[in-house]
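Scroll down for the structure; my scribbles are underneath it.
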Amino acid sequence: MLFLVTSNIGKFKEARLVMERYGIVIQHLAIEKPEIQADNIREISENAAKEILKQHNKEILVEDAGLFIEALNGFPGPYSSYVMRTIGCQGILKLLKNETKRNAKFKAVLSYGTPEESVISFKGEIKGIIAHSSRGNSGFGFDPIFIPEGSNNTFAEMSISKKNEFSHRMRALKQFTEWYVKKMH
Ligand code: IMP
(Lines give C-alpha, C1' and ligand atoms only; values in the text may rest on other atoms or scores of the structure.)
Protein backbone atom coordinates (compact mmCIF):
# COMPACT_ATOMS: atom_id res chain seq x y z
CA MET A 1 0.00 0.00 0.00
CA LEU A 2 1.41 3.33 -1.11
CA PHE A 3 1.13 6.32 1.24
CA LEU A 4 1.44 10.00 0.35
CA VAL A 5 2.84 11.66 3.43
CA THR A 6 1.56 15.20 3.77
CA SER A 7 -0.24 17.38 6.25
CA ASN A 8 -1.79 19.16 3.26
CA ILE A 9 -5.09 17.58 2.27
CA GLY A 10 -5.08 19.66 -0.94
CA LYS A 11 -1.89 17.95 -2.11
CA PHE A 12 -3.38 14.56 -1.34
CA LYS A 13 -6.60 15.26 -3.26
CA GLU A 14 -4.65 16.39 -6.33
CA ALA A 15 -2.36 13.37 -6.23
CA ARG A 16 -5.20 10.90 -5.68
CA LEU A 17 -6.99 12.17 -8.77
CA VAL A 18 -3.90 11.92 -11.00
CA MET A 19 -3.02 8.43 -9.80
CA GLU A 20 -6.54 7.10 -10.07
CA ARG A 21 -6.13 7.49 -13.81
CA TYR A 22 -3.21 5.07 -13.71
CA GLY A 23 -5.12 2.64 -11.53
CA ILE A 24 -2.90 3.35 -8.52
CA VAL A 25 -4.59 3.77 -5.16
CA ILE A 26 -2.84 5.97 -2.62
CA GLN A 27 -3.56 6.39 1.05
CA HIS A 28 -3.05 9.53 3.05
CA LEU A 29 -0.56 9.56 5.93
CA ALA A 30 -1.44 12.89 7.49
CA ILE A 31 1.70 13.87 9.33
CA GLU A 32 3.93 16.90 9.07
CA LYS A 33 6.95 16.09 6.92
CA PRO A 34 10.33 16.72 8.54
CA GLU A 35 11.82 19.73 6.73
CA ILE A 36 15.51 20.59 6.79
CA GLN A 37 16.67 24.00 5.66
CA ALA A 38 18.42 23.63 2.32
CA ASP A 39 18.86 25.56 -0.90
CA ASN A 40 17.18 23.03 -3.07
CA ILE A 41 13.86 21.25 -2.86
CA ARG A 42 15.27 17.92 -3.98
CA GLU A 43 17.45 17.77 -0.89
CA ILE A 44 14.49 18.72 1.31
CA SER A 45 12.23 16.12 -0.30
CA GLU A 46 14.76 13.26 -0.16
CA ASN A 47 15.73 14.05 3.39
CA ALA A 48 12.06 14.04 4.40
CA ALA A 49 11.55 10.63 2.76
CA LYS A 50 14.58 9.16 4.57
CA GLU A 51 13.46 10.53 7.94
CA ILE A 52 9.90 9.24 7.52
CA LEU A 53 11.18 5.79 6.51
CA LYS A 54 13.12 5.60 9.78
CA GLN A 55 9.83 5.81 11.66
CA HIS A 56 7.26 4.22 9.37
CA ASN A 57 7.59 0.78 7.92
CA LYS A 58 5.69 1.71 4.78
CA GLU A 59 5.96 2.38 1.07
CA ILE A 60 5.89 6.17 0.90
CA LEU A 61 5.81 9.20 -1.33
CA VAL A 62 6.62 12.65 -0.05
CA GLU A 63 6.81 15.88 -1.95
CA ASP A 64 8.46 19.23 -1.57
CA ALA A 65 7.33 22.10 -3.72
CA GLY A 66 8.21 25.75 -4.07
CA LEU A 67 7.37 28.92 -5.96
CA PHE A 68 10.35 30.50 -7.74
CA ILE A 69 9.86 34.14 -8.77
CA GLU A 70 12.24 35.45 -11.44
CA ALA A 71 12.22 39.13 -10.41
CA LEU A 72 13.12 38.01 -6.86
CA ASN A 73 15.99 35.79 -8.07
CA GLY A 74 14.05 32.63 -7.36
CA PHE A 75 12.68 33.63 -3.95
CA PRO A 76 10.85 32.13 -2.04
CA GLY A 77 11.89 28.80 -3.65
CA PRO A 78 12.91 26.35 -0.91
CA TYR A 79 11.61 28.80 1.70
CA SER A 80 8.09 28.83 0.28
CA SER A 81 6.33 27.32 3.27
CA TYR A 82 7.94 29.79 5.67
CA VAL A 83 7.08 32.70 3.36
CA MET A 84 3.51 31.43 3.04
CA ARG A 85 3.16 31.28 6.81
CA THR A 86 4.67 34.72 7.33
CA ILE A 87 3.91 37.20 4.53
CA GLY A 88 1.60 34.97 2.43
CA CYS A 89 0.15 35.83 -0.97
CA GLN A 90 -0.43 39.47 -0.03
CA GLY A 91 3.23 39.83 0.96
CA ILE A 92 4.37 38.45 -2.40
CA LEU A 93 2.04 40.84 -4.23
CA LYS A 94 3.52 43.70 -2.23
CA LEU A 95 7.08 42.65 -3.10
CA LEU A 96 6.11 42.66 -6.78
CA LYS A 97 4.22 45.97 -6.67
CA ASN A 98 5.11 48.02 -9.79
CA GLU A 99 7.10 45.03 -11.13
CA THR A 100 6.23 44.28 -14.74
CA LYS A 101 8.41 41.16 -15.04
CA ARG A 102 6.14 38.70 -13.22
CA ASN A 103 7.45 35.36 -14.48
CA ALA A 104 7.54 32.55 -11.95
CA LYS A 105 7.71 28.78 -11.75
CA PHE A 106 6.31 26.16 -9.46
CA LYS A 107 8.61 23.20 -8.93
CA ALA A 108 7.90 19.92 -7.19
CA VAL A 109 10.16 17.03 -6.25
CA LEU A 110 8.43 13.81 -5.35
CA SER A 111 10.48 11.24 -3.46
CA TYR A 112 9.56 7.58 -3.28
CA GLY A 113 11.00 5.03 -0.91
CA THR A 114 10.42 1.80 0.96
CA PRO A 115 12.22 0.53 4.05
CA GLU A 116 14.22 -1.81 1.76
CA GLU A 117 15.01 0.45 -1.20
CA SER A 118 16.91 3.69 -1.54
CA VAL A 119 14.95 6.86 -2.21
CA ILE A 120 14.29 7.90 -5.80
CA SER A 121 12.99 11.30 -6.93
CA PHE A 122 10.89 12.71 -9.75
CA LYS A 123 10.61 16.37 -10.78
CA GLY A 124 7.86 18.48 -12.23
CA GLU A 125 7.63 22.16 -13.02
CA ILE A 126 5.24 24.66 -14.55
CA LYS A 127 6.00 28.18 -15.73
CA GLY A 128 3.58 31.01 -15.26
CA ILE A 129 3.16 34.53 -13.96
CA ILE A 130 2.23 36.15 -10.68
CA ALA A 131 -1.19 37.80 -10.93
CA HIS A 132 -1.66 41.46 -9.97
CA SER A 133 -4.19 40.53 -7.32
CA SER A 134 -5.33 37.46 -5.45
CA ARG A 135 -8.12 35.59 -7.33
CA GLY A 136 -10.15 32.46 -6.60
CA ASN A 137 -10.97 30.30 -3.60
CA SER A 138 -9.96 26.77 -4.45
CA GLY A 139 -6.66 25.05 -3.89
CA PHE A 140 -4.15 26.15 -1.29
CA GLY A 141 -0.95 28.09 -0.72
CA PHE A 142 0.03 30.44 -3.53
CA ASP A 143 -2.76 29.19 -5.84
CA PRO A 144 -4.67 32.52 -5.80
CA ILE A 145 -1.70 34.44 -7.26
CA PHE A 146 -0.26 31.96 -9.78
CA ILE A 147 -1.45 31.89 -13.41
CA PRO A 148 0.06 28.93 -15.31
CA GLU A 149 1.23 29.29 -18.89
CA GLY A 150 -1.65 28.44 -21.23
CA SER A 151 -4.39 29.82 -18.98
CA ASN A 152 -5.81 33.20 -17.93
CA ASN A 153 -6.98 31.86 -14.59
CA THR A 154 -5.12 31.44 -11.35
CA PHE A 155 -4.81 27.92 -9.92
CA ALA A 156 -7.33 28.98 -7.27
CA GLU A 157 -9.89 29.71 -9.99
CA MET A 158 -9.62 26.12 -11.25
CA SER A 159 -11.15 22.81 -10.21
CA ILE A 160 -8.72 20.16 -9.00
CA SER A 161 -8.85 18.37 -12.33
CA LYS A 162 -8.23 21.62 -14.24
CA LYS A 163 -5.25 22.49 -12.02
CA ASN A 164 -4.00 18.95 -12.64
CA GLU A 165 -3.87 19.63 -16.37
CA PHE A 166 -1.10 22.13 -15.68
CA SER A 167 0.52 21.60 -12.35
CA HIS A 168 4.08 20.86 -11.28
CA ARG A 169 2.66 18.18 -8.95
CA MET A 170 0.85 16.41 -11.77
CA ARG A 171 4.04 16.47 -13.87
CA ALA A 172 6.13 14.95 -11.08
CA LEU A 173 3.41 12.37 -10.39
CA LYS A 174 3.25 11.45 -14.05
CA GLN A 175 7.00 10.76 -14.10
CA PHE A 176 6.62 8.72 -10.94
CA THR A 177 3.60 6.68 -12.03
CA GLU A 178 5.18 5.78 -15.38
CA TRP A 179 8.21 4.45 -13.51
CA TYR A 180 6.09 2.80 -10.81
CA VAL A 181 3.77 0.97 -13.19
CA LYS A 182 6.82 -0.55 -14.94
CA LYS A 183 8.37 -1.50 -11.61
CA MET A 184 5.17 -3.29 -10.57
CA HIS A 185 5.02 -5.41 -13.74
P1 IMP B 1 5.55 22.25 0.72
O2 IMP B 1 5.95 21.42 -0.43
O3 IMP B 1 4.28 21.74 1.31
O4 IMP B 1 6.64 22.47 1.71
O5 IMP B 1 5.15 23.62 0.08
C6 IMP B 1 5.83 24.83 0.26
C7 IMP B 1 4.86 25.97 0.17
O8 IMP B 1 4.44 26.14 -1.18
C9 IMP B 1 3.60 25.77 1.02
O10 IMP B 1 3.27 26.99 1.64
C11 IMP B 1 2.56 25.38 0.02
O12 IMP B 1 1.29 25.85 0.40
C13 IMP B 1 3.05 26.05 -1.25
N14 IMP B 1 2.67 25.20 -2.37
C15 IMP B 1 3.12 23.96 -2.65
N16 IMP B 1 2.50 23.46 -3.72
C17 IMP B 1 1.62 24.41 -4.11
C18 IMP B 1 0.64 24.46 -5.13
O19 IMP B 1 0.40 23.52 -5.90
N20 IMP B 1 -0.06 25.59 -5.20
C21 IMP B 1 0.13 26.64 -4.36
N22 IMP B 1 1.00 26.64 -3.39
C23 IMP B 1 1.74 25.53 -3.25
Side-chain angles (χ1 to χ4, degrees), residues 3-19 28-52 60-69 72 74-93 95-96 102 104-112 119 121-131 133-151 153-176:
F3 286 86
L4 179 69
V5 185
T6 179
S7 55
N8 181 338
I9 183 74
K11 268 192 189 183
F12 176 71
K13 285 183 179 166
E14 289 177 17
R16 183 175 54 188
L17 198 61
V18 174
M19 294 175 81
H28 187 193
L29 185 59
I31 56 168
E32 202 73 48
K33 73 167 183 264
E35 199 161 326
I36 53 161
Q37 200 160 335
D39 283 348
N40 81 66
I41 60 172
R42 184 188 185 115
E43 219 179 300
I44 298 171
S45 179
E46 291 186 350
N47 178 269
K50 287 174 192 159
E51 288 302 313
I52 294 159
I60 61 144
L61 268 178
V62 60
E63 184 222 64
D64 197 70
L67 177 65
F68 296 73
I69 300 173
L72 305 177
F75 180 85
Y79 307 102
S80 292
S81 60
Y82 180 71
V83 168
M84 186 72 226
R85 284 199 309 275
T86 51
I87 62 172
C89 289
Q90 290 309 319
I92 294 289
L93 291 176
L95 288 174
L96 291 185
R102 305 185 75 85
K105 261 183 211 171
F106 259 119
K107 295 189 197 177
V109 176
L110 195 62
S111 298
Y112 167 85
V119 167
S121 293
F122 303 85
K123 285 194 292 191
E125 54 176 78
I126 172 75
K127 289 184 185 154
I129 56 169
I130 302 297
S133 60
S134 177
R135 291 177 358 218
N137 300 310
S138 30
F140 58 89
F142 298 105
D143 280 348
I145 59 167
F146 185 81
I147 302 171
E149 222 170 50
S151 175
N153 293 324
T154 67
F155 272 162
E157 291 175 312
M158 298 178 183
S159 62
I160 296 180
S161 62
K162 193 74 195 169
K163 180 179 171 187
N164 276 347
E165 285 176 24
F166 297 94
S167 86
H168 49 308
R169 179 158 305 106
M170 174 280 289
R171 290 177 178 186
L173 281 163
K174 223 172 146 211
Q175 301 282 325
F176 164 73

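Remember, it's 1-based here, ligands and their atoms both numbered in the order they're listed.
No side-chain heavy atom of Glu43 sits under 4.5 Å from any side-chain heavy atom of Pro78.
Taking the six-membered ring where tryptophan is involved, the planes of Phe106 and Phe142 are tilted, since the angle between them lies from 30° to 60°. Taking the six-membered ring where the residue is Trp, Phe12 and His28 present parallel rings, their angle staying beneath 30° rather than reaching 60°. Ring geometry for Phe122 versus Phe176: interplanar angle over 60°, hence perpendicular rather than tilted (30 to 60°).
Between Lys11 and Glu14 no salt bridge is recorded (no basic side-chain N to carboxylate O distance below 4.0 Å). Look at Glu125 and Lys105 and you find a salt bridge, because one of the NZ, NE, NH1 or NH2 atoms lies within 4.0 Å of a carboxylate O, short of that distance.
Near ligand 1, heavy-atom contacts under 4.0 Å come from Lys11, Lys33, Glu35, Glu63, Asp64, Ala65, Ser80, Ser81, Met84, Phe106, Phe140, Gly141, Phe142, Asp143, Lys163, His168, Arg169.
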